[in-house]
Amino acid sequence: VGVALSGEGPAVAVLEQHRELPERERRVPAQPGEVAAGPCGVALRELVAVYDRPVEGSRLAVLDAIREHGGEEAALSLAGSADAEERLLAARLMHLLRDPRHAAALEALVADADADTARASRDAFGAQPRTDSWEAIAHRLTGAPDPQLAVRARAWLAGRDFVTPEDVRA
């Protein structure tokens, strides 16, 4: 999932601005979910952390940096990881970089054994483009064994990303 990153560009600029860029002397190999940057690795995880921080102004430069350096493809790859932290990163990337391909990958993640991953995946699923595939998955999720997931799926199908008392009674 490593993608080459030059010593300049949006990701480097964003991380330098937020003082997140690792020291250039460190020789950190690219790991799943990381972007190779010559002598160091710049993690997509770090870019997501920068995005999640309160900032003044726009976060578009961070999204552009994540996208430019393979965030969509990394999300799809990391979704199948055995590591809960990588699946959580996949869910966050899918929430930030909406793509019709993400709905299928999120179907399993919304019921992940890791509670943080399941919660982030549910947020991501609700944010995805409404396609026929998305709708079919949402319909299947209304029959999920987890009642909270089933209720949330009914809310999504009603066009909401929040649950109402009517969703719970249905």
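Hydrogens, waters and symmetry mates are skipped; everything else that's a heavy atom, side chains included, is used. In this chain, residues are counted from 1 in sequence order.
Remark: the backbone N or O of Leu97 is paired with a side-chain donor or acceptor of His102 at under 3.5 angstrom. Looking only at distances, a side-chain donor or acceptor of Arg87 sits under 3.5 Å from a matching main-chain atom of Ala82. Judged by distance alone, with hydrogens and angles left aside, the side-chain atoms of Ser121 form a donor-acceptor pair with the main-chain N or O of Thr117 at under 3.5 Å.
Within the model, atoms CZ of Arg92 and CG of Asp52 stand 4.0 Å from one another, a figure rounded to the nearest 0.5 Å. Here the CD-CG distance, from Gln128 to Leu106, works out to 5.5 Å after rounding to the nearest 0.5 Å. Note that CG of Leu93 and CD of Glu73 are 11.5 Å apart. Values are rounded to the nearest 0.5 Å. Here the CG atom belonging to Leu141 is positioned 5.5 Å from the CD atom belonging to Glu107, to the nearest 0.5 angstrom. Atom OH in Tyr51 sits 8.5 Å away from atom CD1 in Ile66 (nearest 0.5 Å).
What you find for Glu86 and Arg45 is that their closest heavy atoms are CG-NH2, 4.5 Å. Residues His95 and Ala127 approach most closely at CD2-CB, 3.5 Å, considering heavy atoms. Arg160 and Ala158 get closest at one heavy-atom pair: NH1-CB, 3.2 Å. Taking every heavy atom of both residues into account, Leu149 and Ala144 meet most closely at CD2-CB, 3.7 Å. The minimum heavy-atom distance linking Ala153 with Ala138 is given by the pair CB-O, 3.6 Å. The minimum heavy-atom distance between His139 and Thr142, with the atom names listed, is O-OG1, 2.6 Å.
Arg122 meets the side-chain hydrogen bond (donor to acceptor under 3.5 Å, both in side chains) test with Asp146; sequence neighbours excluded. Remark: Asp114 engages no residue in a salt bridge (charged side-chain N to carboxylate O under 4.0 Å, His left out) (not counting sequence neighbours).
In this pair, Trp156 and Phe125 present their aromatic rings tilted. The plane angle is within the 30 to 60° band.
By the criterion of side-chain heavy atoms lying less than 4.5 angstrom apart, applied directly or through intervening Ile, Leu, Val, Met, Phe, Trp or Tyr residues, Leu88 is not grouped with Leu44; the two fall into different hydrophobic clusters. Residues Leu63 and Leu76 do not share a hydrophobic cluster, clusters being chains of Ile/Leu/Val/Met/Phe/Trp/Tyr side chains in contact below 4.5 Å. With hydrophobic clusters built from ILVMFWY side chains whose heavy atoms lie under 4.5 angstrom apart, Leu109 does not share a cluster with Val151.
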Report the C-alpha separation of Arg152 and Asp123 in whole Å, then their side-chain angles, then the decisive distance to 0.1 Å, and conclude whether the salt bridge (Lys or Arg N to Asp or Glu O under 4.0 Å) test is met.
-> CA-CA 10 Å; Arg152 192 140 181 214; Asp123 291 342; 2.7 Å; yes
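No side-chain heavy atom of Asp99 sits under 4.5 Å from any side-chain heavy atom of Met94. Using a 4.5 Å cut-off on side-chain heavy atoms (C-beta onward), Arg140 and Ile137 make contact. When side chains are defined from C-beta on, Asp64 counts as touching Arg67, because their heavy atoms get closer than 4.5 Å. Between Arg53 and Arg59 there is no side-chain heavy-atom pair separated by less than 4.5 Å.
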